[in-house]
Amino acid sequence: MSYFSYKNNILYCEKVKISDIADKYGTPAYIYSKKTLSENFDAYANAFDKKSGLICFSVKSLSNLSILKFLSEKGSGFDIVSGGELERTLLAGADPKKIIFTGIAKTDEEILFGIEKNILSFNIESKSEMMRIEKIARDKKKLVDVAIRFNPEIDAGGHEYIKTGRKKDKFGILVSETLKLAKYISNSEHLNLIGLSCHIGSQIFELDDFKAAANFTKKLAEEVNKMNIELKFLDVGGGLGISYTDSNFPSPKDLLKIIENELQDRDEKIILEPGRSISGNAGIMISKIEYIKENYLIIDAGMNDLIRPALYNAKHSVINTTKGAGNNGSWTIVGPICESSDVLAKDYEMEAAEGDIIAVETAGAYGHVMSSNYNSRRKPPEILVSNDKYELIRKRETYEDLLKNEVDLSG
Ligand code: LLP
């Protein structure tokens, strides 16, 4: 359920008129509904029926501090992929023992940071990384908890760019190597193997793919147990798909039913790392129609603000925040960036007039986090709505912000 809806032809987020937010903070801007985020998180947290579990929200999908703080207060753990994300989650008040650190290129600095903060686990993605973590742990005289992220060799996920679980993908450790690494870790004085983890991709609708991943994890855990290693968690990844143009997609309950069933004989805690299925439909991006030229709607948001359509040919539904005011037409909606790929939608039927505020739906995940300063554009603000109140949770960048890290060589 998402709390963006029309009342008397005017779009609201919860009980706040979108136009009020646009008047106050301008466009383009990202707007999030707290109630939607909350219900999406609860749908996961309450879906554990027979087993204990931990939801580690995937910070990469939406990383605003206020949102992480809200999810942390609701008991969420976090899946992070960089030192920057670790810094954010800790600042948001996250319990370090609910943070898992994934990613194939963890640097010395990031490993040390995670060790010092005593996080739940590093999801190791290569033998070299394992050796590196062990060395740093030895230097610091620590015993570090780790999990092996294995490559499940499953071809799932939406666009080619967001598949992660095939043998040829750069992620995870091949199954043939996994048991060797487990053996090594079991003999290490500085590494403690506490989990297995895998991730098969993003934007997945086929629950059978998750079933296969859980089954794979179970079999591998049995092999690891034969080495006299007891595990604490099995992490079956994130990636439950959401619909960008209608409202039909599998629920966390459907997903967990299958996973719990596959793992029913296992005692470990189940970890999931959902991102977009919590944050996606909790956010919209609003933008103003600056000009209409032939069938082009020229808006004030560009691919720098929301890159998904240009990068993955992603389809987002676009709506006018005020119904009944503009002219119906079939439009190509484009932004200000000097590239022909800066197209939000093609042949798109909607009513529109210059000056109207439009909303791009399902922009909460991989929206603001992937924005950039391309064309020296300022990143948009983020606003969080809760019932009849709204708060700025990130300011619009200023021209000063754009220049603050540049070094003026003229002195
Ligand atoms: N865990 C790991 C290890 C991941 O790599 C990802 C996403 C997730 C969890 C969360 O996946 P989700 O539940 O959000 O599907 N920028 C792309 C998506 C990239 C996803 C990368 N990994 C997009 O806009 O579609």
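As the structure lists them, so they are numbered: ligands from 1, and atoms in each ligand from 1. One-based numbering along the sequence shown.
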So is P274 touching ligand 1 or not, going by heavy atoms under 4.0 Å? yes
Begin from the C-alpha positions of I259 and E262 and carry the test side-chain contact (heavy atoms from CB on, under 4.5 Å) through to its verdict. CA-CA 5 Å; I259 292 177; E262 274 310 305; 5.7 Å; no
Are any of the N/O atoms on R149, whether in the backbone or the side chain, positioned under 3.5 angstrom from an N/O atom of ligand 1? no
Ionic contact status for K257 with D49, cut-off 4.0 Å: no
Select one of side chain, backbone, both or neither to describe which atoms of E273 lie under 4.0 Å from any atom of ligand 1, heavy atoms only. both
Does one side chain, of Y44 or S76, offer a donor that lies under 3.5 Å from an acceptor on the other? no
Within ligand 1, which atoms have a heavy atom of M370 less than 4.0 Å away? 16 (N)
Is there a heavy atom in G239 that sits closer than 4.0 Å to ligand 1? yes
Just to be sure I'm reading this right: ignoring hydrogens, which of G241, S58, G201 gets closest to atom 10 (C) of ligand 1? Compare them by their nearest heavy atoms. S58
Of the options T321, T322, N320, which is the one that meets D356 in a side chain to side chain donor-acceptor pair (under 3.5 Å)? N320
Would the distance check show the side chain of S287 and the main-chain N or O of D300 forming a donor-acceptor pair, the cut-off being under 3.5 Å? yes
A student checking ligand 1 against S202 at a 4.0 Å heavy-atom cut-off should list atoms 11 (O), 12 (P), 15 (O), 20 (C)
Determine, for Y3 and K35, whether the Lys NZ or Arg CZ falls below 6.0 Å from the six-membered ring centre while staying within 45 degrees of the axis. yes
Between D79 and ligand 1, which part of the residue brings a heavy atom under 4.0 Å of the ligand: side chain, backbone, both or neither? side chain
Near-ring test F70/F41, centroid separation under 6.0 angstrom: no
Under a 4.0 Å heavy-atom limit, does R308 contact ligand 1 with its side chain, its backbone, both, or neither? side chain
Compute the shortest N/O to N/O distance between S61 and ligand 1 and return yes if it is under 3.5 Å, no if not. no
